[in-house]
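Note sheet for the following structure.
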Amino acid sequence: MPKMKTNRGAAKRFKRTGSGGFKRMQSHHRHILTKKNAKRCRQLRKVTQVASCDTKAVERMLPYV
C-alpha cells in the first residue's frame, strides 16, 4: 500500500491544536474592506476553530498532521 498524500492546499490553511482540533483563519478579510465596519474587520483577524462537523474532512486531507 503506498503512502497517503497530504492535500497541500489544506496543509497551508489548517494547523492542529493541542486538544486535537484544527484552527483556521477567517475569510472575507482580503478586499472590499471599506464597506465593512471596524468591529467586523477586527473580528475577522482572529483565528477560529474548524467546526466539529468539518474536522473529519480536514483529518482525511491531512493524514500525517
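Nothing here was measured: the structure is a model prediction, and the numbers come from that model. As a basis for the values below, the full set of heavy atoms in this structure was taken, side chains included, without hydrogen atoms, waters or symmetry mates.
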TODO: Report yes or no: does Q26 contribute a side-chain atom to a donor-acceptor pair with the main-chain N or O of R45 at less than 3.5 Å?
DONE: no

- [ ] Determine, stepwise, if the pair K36 / H28 fulfils side chain to side chain contact (heavy atoms under 4.5 Å, CB included).
- [x] CA-CA 10 Å; K36 295 168 189 161; H28 307 291; 3.9 Å; yes

Open item on the list: As an exercise, state the distance from CG of N7 to CZ of R13, rounded to the nearest 0.5 Å.
Closed with: 8.5 Å

Task: Under 3.5 Å donor-acceptor, K56 side chain and S52 backbone - done: no

TODO: For S27 and L44, work out which heavy atoms get closest and say how close.
DONE: O-CD2, 3.4 Å

- [ ] Test side chain to side chain contact (heavy atoms under 4.5 Å, CB included) on K23 and T48 and set out the steps.
- [x] CA-CA 6 Å; K23 58 185 180 177; T48 56; over 6 Å; no

Open item on the list: In the structure I gave you, are the side-chain heavy atoms of F22 and L62 within less than 4.5 Å of one another anywhere?
Closed with: yes

- [ ] Let me see the working for H29 and K46 under side chain to side chain contact (heavy atoms under 4.5 Å, CB included), right down to the final yes or no.
- [x] CA-CA 10 Å; H29 194 63; K46 295 178 182 173; over 6 Å; no

Task: Interatomic distance, T6 atom OG1 to K12 atom NZ [nearest 0.5 angstrom] - done: 12.0 Å

Open item on the list: Other residues, nucleotides and ligands only: do more than 12 of their heavy atoms fall within 6.0 Å of CZ on R24?
Closed with: yes

Open item on the list: Please say yes or no: joined through hydrophobic side-chain contacts below 4.5 Å, possibly via intermediate residues, are V50 and V65 part of one cluster?
Closed with: yes

TODO: Check whether any side-chain N or O of K5 sits under 3.5 Å from a backbone N or O of M61 as a donor-acceptor pair, and report yes or no.
DONE: no

TODO: Inspect the surroundings of CZ in R40 and state if more than 12 heavy atoms from other residues, nucleotides or ligands are less than 6.0 Å away.
DONE: no

